Visitor: 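Right, I'll just put the structure down here and ask away after.
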Amino acid sequence: MTDKTDYRATLNLPDTPFPMRGDLPKREPGWVKEWEDKGLYKKLRAARCEHEKFVLHDGPPYANGQIHMGHAVNKILKDMIVKARQLKGLDAAYIPGWDCHGLPIENAIEKKHGRNLPRDDMQAKSRAFATEQVAIQMADFKRLGVLGDWEHPYRTMDFVNEAQEIRAFKRVIERGFVYRGLKPVYWCFDCGSSLAEFEIEYADKKSHTIDVAFRADQPEQVLLAFGLPPTRLEKPLFAVIWTTTPWTIPANQALNLNPQLEYSLVETERGLLVLASVLVERCLERYGLAGTVLATVAGEKLGGLAFQHPLHDADPGYRRLSPVYLAEYATAEDGTGIVHSSPAYGLDDFNSCVAHGMKYDDILNPVQGHGSYAPDFPLFGGQNIWKAGPQIIEALRQAGRLFATDTITHSYPHCWRHKTPVIYRAAAQWFIRMDEGEGVFTKDKAPRTLRQMALDAIEDTSFYPENGKARLRDMIAGRPDWCISRQRSWGVPLPFFLHKDTGELHPRTMEILDLAADMVERGGIEAWSKATAQDILGAQDAPHYTKSTDILEVWFDSGTTHTTVLKHSHAGAGHENGPEADLYLEGHDQHRGWFHSSLLTACAMYGRAPYRGLLTHGFTVDSQGRKMSKSLGNGVDPQETSKKLGAEIIRLWVAASDYSGDIAGDDKILARVVDAYRRIRNTLRFLLANTSDFDPARDAVPLAEMLEIDRYAMSRAAQFQQEVLAHYEVYEFHPVVAKLQVYCSEDLGAFYLDVLKDRLYTTAPKSLARRSAQTALWNITHAMLRWMAPFLSFTAEEAWKLFGTSESIFFETYAEIGGPDTALVEKWNRIRAIRELVNKEIEALREAGQVGSSLQANVELAVPQDTEGALWTALASLQDDLKFVFITSALKLVPGDGLAVRVTPSQAAKCERCWHWRDDVGHDGAHPTICGRCTSNLFGAGEDRKFA
């Protein structure tokens, strides 16, 4: 060698084909295709087939439209959890599913082909449409890096699932929970069907309020009830009600008063008024009247009195009486304390009227399924109920029965599909009973009520986050009976035959259910739809029975997948004993949806929940907290983001977000995620590059022989792995991402790897010093690839191709790197804290232009030798290697009264090879530009590195 030697060529510079730029949008589709072509998922299942199961049951997205970012969040969360359990060594299968029946698909078909399609045509077109939608969504989910059984997903419209749903329904009947009844149920005019509690959301609605007077039919009886003499009245006597639903007034059939509440008879210039005593002042102010209270009595004294309908004199069709029924739901919180009752349009009204002897056939139900009064209904026939409001108010005014009117904005139930107001509407429907009562064809009656079993099952369920427990419990505790019938075409049939005269079910109903299930399993719901009464019942019974055209609501479809899928179409996919799934995971709105319906069906069938745990995530919102929507134009499109940034960035964004609340995303947030990805990728690249010539079988250094800082790095990695796995155990990812970034930037980048560069690059390639460092890096890389694989799946797999030995990172389990040496970690934590103080002093000199790099600095570090001496001992134990930890050319440790740092520029020469400033640069005349340690590392025995 000469003084012109290129000493850079003598360094062990890192080398790896793992690129700095991920180029994710271009390369990810190739990885997806490779996973699919080589059947990776199937191989993973074979590798874990004898291991303990972990079952995350997929809540089926609806097969309608391209996926949005909410879908992406949901599927990526599921994928991360399944992969984390796979890496734990469990048999963590993932069977994706789709909800394929129901109204949104029918609406899509009607928009394209028109309304009133024949049932067979609607079913055929719906099945074809759902099939297309599933294919579109499946491609998008695969593109996100989600591993699953895409060759064998479940679809609620698959024949076997449709058939098993009928069998599940039969089991619920046998347990005594199913009955048919006339009840007010939520009804959507746009759906043209009843809705379940799950399908209701609340939004503000502007409504007219009206105070309406009902004239006493026998006023002297009212006076007697108030303890007044029945003298001849010169003024009319009224009971006054207040309501926010003027459209219900034409169907009024009763008045409700609270038996415990006090009511006053008030004399005004418009007549004698019956009002709740505590509301008299407010009511008179609202009416613009002065009044005198003549008498006061408890509501129980007024029961049985009769009042005329307020339109009694406006049209003969309203010449009926409204009796007073006593009911505790009439309160004095607002209004007048008197509730007008239209039993077809209110659950409390219905229950009160029936309890007081009103027959079902006598209940007025003029509102038709599409939202208009029946054509022959007096005064308002054929009018839409929402548009009829002003006409009803005007008719009351003309009749002299309107005392006040106003408008309010209040929370009101809406259809969660159409976002339009719904009403309660009485209809003969099939229900699942929550409380005591007798069902039809009970064979194996459940020992407890469905409500009791569901509430107990909630106590046995783990919730993530914990507040989901109270939410679901409150919903179950207060919910009414579940209306499960719908008046649509595209769904699993209620295979019933009802007697034309009595309305009773055919005596062979249970046998017919089995027959229907067998038919559907062979030919789908279409097979049952085409069957006639004579085909099923025979010529003798067929003329006397009507075949039901109702279907089971879609929540029963998805709510029974714990049995239709995990026990049948994908038998063996769930746990055989106990709850079928370890985890259900969906958005927090599913406390009233899939979680809810699944809980009720499983309790009805088996007396327990179908899941051990429930995990909920929030909605996707923009940076201002507004829910992402097409109308606002604030959404982040998963397809476009994958093309622009890569699906890996979406995955990292999901993992980095605290999903227990809403998940915020926009271009700026994703840009920060890209930066975080680059930091992690660059750290990984450094690890791969500096282990490229390392063969663990040949080069690994036993732990006891490794340099101390390398043993510390191993302990810190072991400590970090414990934290990661603890988070994964409870399905937490955002702490892992946050800590991984800190680990990469501070534990590794700013400390260990920074310190290590000198030893990796300048010592002899096969020296103990270098191989010790590489042993630590090799183990850290193994561990890190597994930590990140659940969320950075593409990147971990890319690196594994260069670093690993098996076909995929997902065949692996978490690295065995031992437990942390806590004493060693504590020692080095002290050293790192002092290093930060020293770096601040060096930085001050650098800013002043006195030194370039820290290697140009000479440091004198004064440390107290206190009674414990922990800091002094820690620093002194590293001997001459201490300067390598601080990345200085010289460091002198001296006793001091307090901690003090003195930094001065080095007066020595800079080594051309290692860049240290040393007095022995040029000690070898043959190599005048390098230092003694470099000549030793190049030509001699090599420097002795013991600690760092």
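Keep in mind that this is a model prediction, so the values were computed, not measured. The chain is numbered in sequence order, starting from 1.
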Visitor: Got a sec, which residues hit salt bridge (Lys or Arg N to Asp or Glu O under 4.0 Å) with Glu807, two or more places apart in sequence or on another chain?
Guide: Lys38, Lys43
Visitor: Under 3.5 Å, is there a donor-acceptor pair linking the side chains of Asn937 and Thr763?
Guide: no
Visitor: Which residue pairs pass the side chain to side chain donor-acceptor pair (under 3.5 Å) test when at least one of the two sits in residues 15-29, sequence neighbours left out?
Guide: Arg27-Glu798, Glu28-Arg143
Visitor: How would you list all residue pairs meeting ring pair (Phe, Tyr, Trp, His ring centres under 6.0 Å) that involve residues 739-772, not counting sequence neighbours?
Guide: Phe720-Tyr743, Tyr743-Trp787
Visitor: Return the set of residues passing ring pair (Phe, Tyr, Trp, His ring centres under 6.0 Å) with His916 (not counting sequence neighbours), or none when no residue passes.
Guide: Phe884
Visitor: List for me each residue that meets salt bridge (Lys or Arg N to Asp or Glu O under 4.0 Å) alongside Glu640, sequence neighbours excluded, and say none if there are none.
Guide: Lys643
Visitor: Please list all pairs passing the side chain to side chain donor-acceptor pair (under 3.5 Å) test where one or both residues lie in residues 884-909, with sequence neighbours left out.
Guide: none
Visitor: Mind checking what makes salt bridge (Lys or Arg N to Asp or Glu O under 4.0 Å) contact with Arg45, not counting sequence neighbours?
Guide: Asp91
Visitor: Which donor-acceptor pairs under 3.5 Å do side chains of residues 788-796 form with protein atoms, sequence neighbours excluded?
Guide:
from: Ser793; atom 1: OG; to: Lys83; atom 2: NZ; distance (Å): 2.9
from: Ser793; atom 1: OG; to: Arg651; atom 2: NH2; distance (Å): 3.2
from: Ser793; atom 1: OG; to: Ala789; atom 2: O; distance (Å): 2.7
from: Thr795; atom 1: OG1; to: Glu648; atom 2: OE2; distance (Å): 2.7
from: Thr795; atom 1: OG1; to: Tyr677; atom 2: OH; distance (Å): 2.8

Visitor: Using ring pair (Phe, Tyr, Trp, His ring centres under 6.0 Å) as the criterion, list what pairs up with His782, not counting sequence neighbours.
Guide: Trp778, Trp800, Phe803
Visitor: Check salt bridge (Lys or Arg N to Asp or Glu O under 4.0 Å) between Arg846 and all other residues, then give those that pass, not counting sequence neighbours.
Guide: Glu843
Visitor: My understanding is that only residues two or more places apart in sequence, or in another chain, count here; which of them pass ring pair (Phe, Tyr, Trp, His ring centres under 6.0 Å) with Tyr712?
Guide: Trp828
Visitor: Return each pair, listed once, that meets ring pair (Phe, Tyr, Trp, His ring centres under 6.0 Å) where at least one residue sits in residues 830-858; pairs must be two or more places apart or across chains.
Guide: none
